[in-house]
2 protein chains.
Amino acid sequence: MRRTKAEAAETRCAVLTAAEQLFFEKGVANSTLDEIAAAAGVTRGAVYWHFASKSDLFLQLYNAAQLPRVDMSDAAGSGCEDTDPISAVETIALDWFGMLASDVQRQRLLTILLRTNFEHEFEPVLQEMDALSAEHTKNMERIFAKAEDKGQLSPLWTPAACSRAVHWQMKGICWEWLLFGRKFDLVILGGDSVRKLFATFRR
Amino acid sequence: MRRTKAEAAETRCAVLTAAEQLFFEKGVANSTLDEIAAAAGVTRGAVYWHFASKSDLFLQLYNAAQLPRVDMSDAAGSGCEDTDPISAVETIALDWFGMLASDVQRQRLLTILLRTNFEHEFEPVLQEMDALSAEHTKNMERIFAKAEDKGQLSPLWTPAACSRAVHWQMKGICWEWLLFGRKFDLVILGGDSVRKLFATFRR
DNA sequence: GGTTATATACGTGCCCGACTGTATGTAAAC
DNA sequence: GTTTACATACAGTCGGGCACGTATATAACC
């Protein structure tokens, strides 16, 4: 029963979704291709048609849902990066919480990635994540530097310190939320904590 | 060739150490009992003598190196919890960094735990970790409340908010350090960030 | 203090299920 | 008719659990 191209694409997508679900629930190593295929409503033959191996499936899963590059110039769209840089970053940070809270797929992917041992074939993924992280902090630092130039930054802080503080605060919040069962309200409690932190940045 | 009790204890310890090392490097699921036994200089027979199963080995590993309960009253030993509560908590936090940075075993164990899927038989471990975490934040909040009573707390913050901020900040720092190859100096950079955060707590 | 009995601390080998990869079949799409 | 998109069957390996063997430590007894 050969399927049309559209149906094949559906199948491929179903396999990816099933893999994401199972990788998230049981971990990558504890999930079998049989389970994944069954969850997708196909057999292992279909999986092997679309993906070369389990590792390939993992990598395709990572590449399919590309992590957002959180372009800081988006904040320029909100129109205040030049007049109130600190608030601009704050908005981006809070928006990120909202986005993550409403995107179950991203929650699962990030959780999987956090639990991954990046050894051997998966190392490039780790490099990418590192690069992305470095880019984010660099962009943030740049905007905080603007705030400093305008005299809006508290003398207690430096742009680099602000950037690191926000970065770590958000990672702490998001990771605990993801790794330990999302037991609190990310937007409310997490947002509150971030807002309080940003308040200390302002002169 | 039966060994003495002391030798047996050594063997057991060697297996635990080898397991910790391999679980850390390759993940629990990707480490075989054969590898672990070989790394410990014994065979699987020895492993099965000391441990009922692989899961049991994991649990014994967790129980062997009990997470520190970071008794906040220890800070009373430093003598300033009552006069300068904020500094007392700050000291505990910074000490924690130093302790983690110098304890490779704890680094590995925490990394393993972070990457663990706590499903089925491992759920109680998750509960324990949660309880410990809750206890820490509660103790911190209590001390910050003392600071508030003394009028030492900035009006920007509440005891609960301080506690959460410190908690998440430290988790963000430690977890990034552990999960992504310890690429920065935990005590220097992490400590600096935490100190700056504490500075904003003070009136 | 020597002998003996028993528990101990493993090593070794086997079984069994599970999982991966591949080869082949097949029916429909093109 | 050929290629596609799977399903099915098969081979092979790997790893965990367990039974069993075995040599020695340890204790009990004489």
Side-chain angles (χ1 to χ4, degrees), chain A residues 1-61 64 112 116-117 119-122, chain B residues 1-62 64 112 115-117 119-122:
Chain A
M1 321 140 79
R2 181 184 166 203
R3 313 295 159 75
T4 72
K5 288 192 177 181
E7 285 170 331
E10 263 183 49
T11 299
R12 185 192 141 92
C13 183
V15 171
L16 281 172
T17 303
E20 180 190 291
Q21 177 73 29
L22 284 170
F23 286 173
F24 169 71
E25 284 176 9
K26 315 178 45 178
V28 176
N30 294 321
S31 306
T32 92
L33 293 182
D34 232 348
E35 287 174 323
I36 295 171
V42 292
T43 67
R44 266 177 42 249
V47 176
Y48 272 103
W49 173 256
H50 290 285
F51 309 95
S53 66
K54 195 175 172 182
S55 303
D56 182 53
L57 176 55
F58 176 86
L59 291 175
Q60 302 267 356
L61 185 63
I112 294 166
T116 299
N117 281 92
E119 37 147 26
H120 312 130
E121 60 224 322
F122 295 157
Chain B
M1 318 147 79
R2 179 183 166 200
R3 312 295 159 74
T4 72
K5 288 190 178 182
E7 285 170 330
E10 262 183 49
T11 300
R12 184 192 142 90
C13 183
V15 171
L16 281 172
T17 303
E20 179 189 290
Q21 177 75 28
L22 284 170
F23 285 173
F24 169 71
E25 283 175 10
K26 316 178 44 177
V28 176
N30 295 322
S31 306
T32 92
L33 292 182
D34 230 348
E35 287 174 323
I36 295 171
V42 292
T43 66
R44 275 189 16 259
V47 176
Y48 271 102
W49 173 257
H50 290 284
F51 308 96
S53 67
K54 196 176 175 183
S55 303
D56 183 53
L57 176 54
F58 175 86
L59 291 176
Q60 303 266 355
L61 185 61
Y62 169 74
I112 294 167
R115 293 207 226 264
T116 299
N117 281 91
E119 37 149 25
H120 312 130
E121 61 226 319
F122 294 157

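If you're wondering where the values come from, they're calculated on a predicted model, not measured in any experiment. Here is the naming used below: chain letters follow the sequence lines, and residue numbers restart at 1 for every chain.
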Of the candidate nucleotides D/dG16, C/dT20, C/dC10, which contains the atom at the shortest distance from the side chain of A/Lys54?
C/dT20

Quickly work out the [X] [atom1] to [N] [atom2] distance and round it to whole Å.
{"X": "B/Leu57", "N": "D/dG17", "atom1": "CG", "atom2": "P", "value": "11 Å"}
{"X": "B/Tyr48", "N": "D/dG17", "atom1": "OH", "atom2": "C1'", "value": "5 Å"}
{"X": "B/Trp49", "N": "D/dA19", "atom1": "CH2", "atom2": "P", "value": "14 Å"}
{"X": "A/His50", "N": "D/dA7", "atom1": "NE2", "atom2": "C1'", "value": "13 Å"}
{"X": "B/Phe51", "N": "D/dC18", "atom1": "CZ", "atom2": "C1'", "value": "18 Å"}
{"X": "A/Arg12", "N": "D/dT4", "atom1": "CZ", "atom2": "P", "value": "16 Å"}

May I have all residue pairs that pass salt bridge (charged side-chain N to carboxylate O under 4.0 Å, His left out) and include part of residues 11-22 of chain B, sequence neighbours excluded?
B/Glu20-B/Arg108

Quick test of your reading: applying salt bridge (charged side-chain N to carboxylate O under 4.0 Å, His left out), list the pairs with at least one residue in residues 27-38 of chain B, sequence neighbours left out, ordered by first then second residue.
B/Lys26-B/Glu35

Could you grab the distance from atom [atom1] of [X] to atom [atom2] of [Y], nearest 0.5 Å is fine?
{"X": "A/Tyr48", "Y": "A/Arg44", "atom1": "OH", "atom2": "CZ", "value": "5.5 Å"}
{"X": "B/Thr43", "Y": "B/Ile36", "atom1": "OG1", "atom2": "CD1", "value": "13.0 Å"}
{"X": "B/His120", "Y": "B/Ser55", "atom1": "NE2", "atom2": "OG", "value": "11.5 Å"}

So which of residues 18-47 of chain A are in contact with DNA chain D, with a heavy-atom cut-off of under 4.0 Å?
A/Val42, A/Thr43, A/Gly45, A/Ala46

Is the phosphate of C/dG21, meaning OP1 or OP2, less than 4.0 Å from a side-chain N or O of A/Ser53?
no

Using the side-chain contact (heavy atoms from CB on, under 4.5 Å) definition, which of the options B/Asn30, B/Thr116, B/Leu61 pairs with B/Phe23?
B/Leu61

